[in-house]
4 protein chains.
Amino acid sequence: MARTADPNRRESILDAAHSIFARKGYAAAGIADVAGELGIAHGTVYRYFENKRDVAAAVLNRALERIAAVVMAEDATATESLAEYRAQVERLGHRLYELFVADRALGRLVFYDLGAVDDELRERLRAAHEMFAEYTASYLRNGVAKGFLRPDLDVDTTARVINGMIFEGAAQVTHTDDPQRLRDRWIRAVVALMFDGIAR
Amino acid sequence: MARTADPNRRESILDAAHSIFARKGYAAAGIADVAGELGIAHGTVYRYFENKRDVAAAVLNRALERIAAVVMAEDATATESLAEYRAQVERLGHRLYELFVADRALGRLVFYDLGAVDDELRERLRAAHEMFAEYTASYLRNGVAKGFLRPDLDVDTTARVINGMIFEGAAQVTHTDDPQRLRDRWIRAVVALMFDGIAR
Amino acid sequence: MARTADPNRRESILDAAHSIFARKGYAAAGIADVAGELGIAHGTVYRYFENKRDVAAAVLNRALERIAAVVMAEDATATESLAEYRAQVERLGHRLYELFVADRALGRLVFYDLGAVDDELRERLRAAHEMFAEYTASYLRNGVAKGFLRPDLDVDTTARVINGMIFEGAAQVTHTDDPQRLRDRWIRAVVALMFDGIAR
Amino acid sequence: MARTADPNRRESILDAAHSIFARKGYAAAGIADVAGELGIAHGTVYRYFENKRDVAAAVLNRALERIAAVVMAEDATATESLAEYRAQVERLGHRLYELFVADRALGRLVFYDLGAVDDELRERLRAAHEMFAEYTASYLRNGVAKGFLRPDLDVDTTARVINGMIFEGAAQVTHTDDPQRLRDRWIRAVVALMFDGIAR
DNA sequence: CATGAATGAGTCTTCATTCAT
DNA sequence: AATGAATGAAGACTCATTCAT
């Protein structure tokens with residue numbers, strides 16, 4: 001049944017679905033809308049995907065992979081000092097927001113809609129969070145090992161806390177009028193909080 | 001008067017809907033499920049609510065009000081020193097997590113499902129975020145004014161960043177096996193990050 | 001069950017139903033609307049009527065009786081000459097239109113809505129038509145017997161044809177802005193057609 | 001192309017709806033009945049019509065068009081004498097009754113049920129009446145101009161009065177056992193009334 | 001491979017009717 | 001007698017999915 005034919009078409013269906021789901025929400029979006037966006041028959045979608053949920057799963061996977069690609073571009077063990085780590089966090093922040101600014105629907109998909117589709121997709125999302133947390137933790141662990149971060153840091157929890165700050169920023173991008181400005185202020189605030197604290 | 005109108009009926013429907021929506025998701029849940037949970041006819045639900053969306057809106061409102069009640073219990077201008085503020089943040093954190101621990105579905109409802117129902121509900125959710133941000137900002141502003149927080153703090157952005165840490169924790173509660181432990185570690189990590197920084 | 005209690009209330013329910021049915025149509029009108037019009041509980045309607053259809057039947061009956069009362073006020077055998085008959089037709093026409101002008105909803109009820117409720121009501125309406133036809137026929141028969149109408153008149157059919165002219169006028173009243181003027185022109189046209197013909 | 005779209009499908013749905021609406025009445029008839037009559041799924045009906053009301057509107061339109069086609073087949077200005085006009089009225093009457101005799105449900109649909117569906121359909125029906133009245137008036141106007149009808153004729157009102165006679169006959173066809181005989185007697189009675197009068 | 005007509009399970013929603021108070 | 005809360009049958013409508021062409 002599925003999994004045949006032109007791989008470009010499969011990809012273009014995902015593009016359309018990504019856009020439609022983000023615009024109308026998964027529940028309100030119909031397979032016919034997705035097909036209509038491409039000017040193909042809705043039956044055709046079923047040559048590339050088992051069903052609607054399968055489309056959503058693929059959209060989510062692709063979105064998570066794109067985010068993961070950015071996150072994993074850096075080497076967690078490469079930094080040797082606080083200054084280097086700070087620079088790395090800034091770099092990573094910029095790349096990540098690039099993604100969410102370029103595709104402002106991404107946040108809605110990843111943070112709202114596709115998590116509401118299904119227990120399995122929700123679980124997939126949770127697993128991705130877990131993976132991102134583990135990634136952030138590995139940076140912190142490197143810093144503790146190298147001695148430039150506090151030895152008593154609760155690495156696992158702090159990693160999730162940091163990710164929370166980042167994800168919230170990504171979610172905010174969906175709403176804001178001036179995403180560039182938000183990005184800069186957000187990264188600066190996060191970095192300042194992490195490295196300088198809020199206290200005078 | 002006829003069979004006296006149970007004044008708790010409306011409330012009990014919201015309870016049931018809260019639970020069903022959290023369990024199956026808004027889209028998958030049916031009015032029949034909600035009514036079935038209470039052992040009443042589904043038509044009865046329509047004596048108390050216009051339609052399914054209206055039920056969702058009421059569930060969301062109630063949930064947001066509960067959260068707001070906790071957040072607004074503290075007085076933003078009462079703190080005079082960094083230590084007092086730190087204590088206040090810890091207090092607030094505990095109360096907030098109490099809520100999410102007591103009702104582990106709350107996070108799912110507020111962070112996923114009910115935001116996907118509707119543009120209007122999504123907007124309502126956004127407005128609530130905004131309000132919470134403003135609230136956190138008022139704490140920070142107080143600290144800057146009183147001189148115990150950095151004068152160059154980007155108050156508005158930092159407020160949202162801090163809220164991101166908090167909300168992420170609330171979302172995590174939905175998944176964890178040991179919510180008490182998560183709560184304690186989370187609050188400690190957030191407070192440490194805010195007040196001590198991560199640097200050695 | 002029904003058929004108890006205050007007869008004024010029964011009548012007032014019929015008044016309300018008459019008005020509501022005419023305004024919204026039988027199908028779109030609810031028992032709750034009827035009760036609401038009177039400021040009583042909808043359950044109360046069921047103390048006076050078996051069900052909604054029963055209300056419609058009573059409304060129709062009353063309406064037909066009112067029309068019948070006007071029609072039967074004249075004595076079919078009283079006229080002795082063409083001139084007398086012509087005067088009688090004019091008189092009857094005026095009285096009949098009085099009714100439809102006073103209650104412009106009457107036409108809609110009798111000609112559209114209540115005939116569409118039910119096979120039985122439709123039959124009742126048909127029977128009323130039959131009766132009116134028989135009545136008109138008795139006038140014609142009198143005229144033929146007395147010698148002032150054509151002896152070769154197809155009395156039964158012509159009676160129905162004449163009634164058709166009259167009913168169409170009643171139906172028109174529902175739509176017109178100036179019912180008085182319509183009434184006068186209509187009666188004049190009908191009488192002219194019957195007694196003078198259209199030919200030069 | 002897929003299972004080729006039957007171009008008669010839409011038409012056959014209208015046929016079925018025409019028949020079902022006439023048999024059970026619009027309100028009592030369900031889309032499922034219509035689909036059942038054709039042995040198709042009820043969802044299929046919604047591929048051809050927006051909703052139930054839309055089906056009714058199409059049924060009504062088609063019915064009115066059929067009637068209009070007959071009415072408009074004659075040329076109002078073609079007659080030069082009373083005899084010609086009389087022949088024309090007879091011809092038109094026959095053709096019109098042909099329609100109502102062939103489809104005895106037509107009268108019920110056009111005179112009762114479909115007028116009760118909706119304000120818009122009622123208005124459409126009224127507009128059709130108006131058009132028919134204008135048509136009849138144009139015949140009369142021609143006769144007055146040519147000098148074979150009374151110069152003092154109230155053309156507009158008389159046209160409606162004449163139509164009333166015709167429509168009543170069409171409505172009667174629905175009930176009668178012997179429609180052929182009714183038709184002949186009706187036309188004869190109408191023509192006699194118009195051209196000979198009832199007076200001796 | 002693509003199409004899109006057809007399907008029908010699944011839901012929401014209405015509202016006449018009942019009946020405990 | 002009156003009330004109006006509760007009921008649940010009934011029906012309109014949607015849309016993911018299938019499959020003959």
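Just so it is clear: chains get the letters A, B, ... in the order the sequence lines come, proteins before strands, and each one is counted from 1. Just so we're clear, the structure is a prediction, and the values are computed from it rather than from any experiment.
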Just the rounded figure in Å: distance from P of F/dG4 to OH of B/Tyr48. 13 Å
Could you check C/Gly39 against A/Ala32 and say which one's nearest nucleotide on DNA chain F is further toward the 5' end? C/Gly39
Of the listed nucleotides (F/dT3, E/dC12, F/dA16), which one gets closest to any side-chain atom of C/Ala41? F/dT3
Whole-Å gap separating P (E/dT7) and CG (D/Leu38): 10 Å
Does the side chain of D/Arg124 come within less than 4.5 Å of D/Glu120's, by heavy atoms? yes
Specify the separation, in whole Å, of atom CD1 of C/Ile13 and atom P of E/dA16. 14 Å
Contact class for C/Gly30 vs. all strands (heavy atom < 4.0 Å): base, sugar-phosphate, or nothing? sugar-phosphate
Is there side-chain contact between D/Val55 and D/Val34, with at least one heavy-atom pair below 4.5 Å? no
Verify the contact: side-chain N or O of D/Tyr46 to OP1 or OP2 of F/dC15, cut-off strictly under 4.0 Å; return yes or no. no
Per atom distances to the B/Ile40 side chain, the nearest of F/dT7, F/dT3, F/dC13 is F/dT7
What's C/Ala27 touching, base or sugar-phosphate or nothing? Going by heavy atoms closer than 4.0 Å. nothing
Whichever of B/Ala28 and C/Lys52 has the more 5' nearest nucleotide on DNA chain E, that residue is B/Ala28
Gap between atoms CG and P, on B/Asp33 and E/dG10 respectively (whole Å): 13 Å
Non-hydrogen side-chain atoms of A/Tyr26 and A/Arg53 separated by less than 4.5 Å: yes
Do C/Arg23 and C/Asp33 come within less than 4.5 Å of each other through their side chains, counting heavy atoms only? no
Would you mind classifying the nucleic acid contact of B/Ala29 as base, sugar-phosphate or nothing, using non-hydrogen atoms under 4.0 angstrom? sugar-phosphate
So, do D/Arg62 and D/Arg66 sit near enough that their side-chain heavy atoms are less than 4.5 Å apart? yes
Taking the side chain from C/Asn51 and the backbone from C/Asp54, do they hold a donor-acceptor pair closer than 3.5 Å? yes
For a 4.5 angstrom cut-off between non-hydrogen side-chain atoms, does B/Lys52 reach B/Val45? no
Please tell me if the side chains of D/Phe49 and D/Ile31 come closer than 4.5 Å, counting only heavy atoms from C-beta onward. no
Under-3.5 Å donor-acceptor pair between B/His42 side chain and E/dT13 base: yes
Mapping D/Gly43 and B/Gly43 to their closest nucleotides on DNA chain F, which lands nearer the 5' end? B/Gly43
Can you see if the side chain of B/Arg9 gets near the phosphate of F/dA6 - specifically, an N or O under 4.0 Å from OP1 or OP2? yes
Taking Watson-Crick and G-U wobble pairs with both distances under 3.5 Å, convert DNA chain E into its dot-bracket string, 5' to 3', dots for unpaired and | for cross-strand pairs. .||||||||||||||||||||
Expressed as a whole number of angstroms, how long is the span from B/Asn51:CG to F/dA12:C1'? 16 Å
B/Arg10 CZ to F/dA5 P, straight-line distance once rounded to whole Å: 14 Å
Could you check whether the side chain of A/Arg47 and the base of E/dA2 have a donor-acceptor pair of N or O atoms closer than 3.5 Å, going by distance alone? yes
D/Ile31 CD1 to E/dT13 P: how many Å, rounded? 20 Å
Between A/Thr44 and D/Thr44, the residue closer to the 5' end of DNA chain E by nearest nucleotide is A/Thr44
Over how many whole Å does the gap from C/Lys24 atom NZ to E/dT14 atom C1' extend? 12 Å
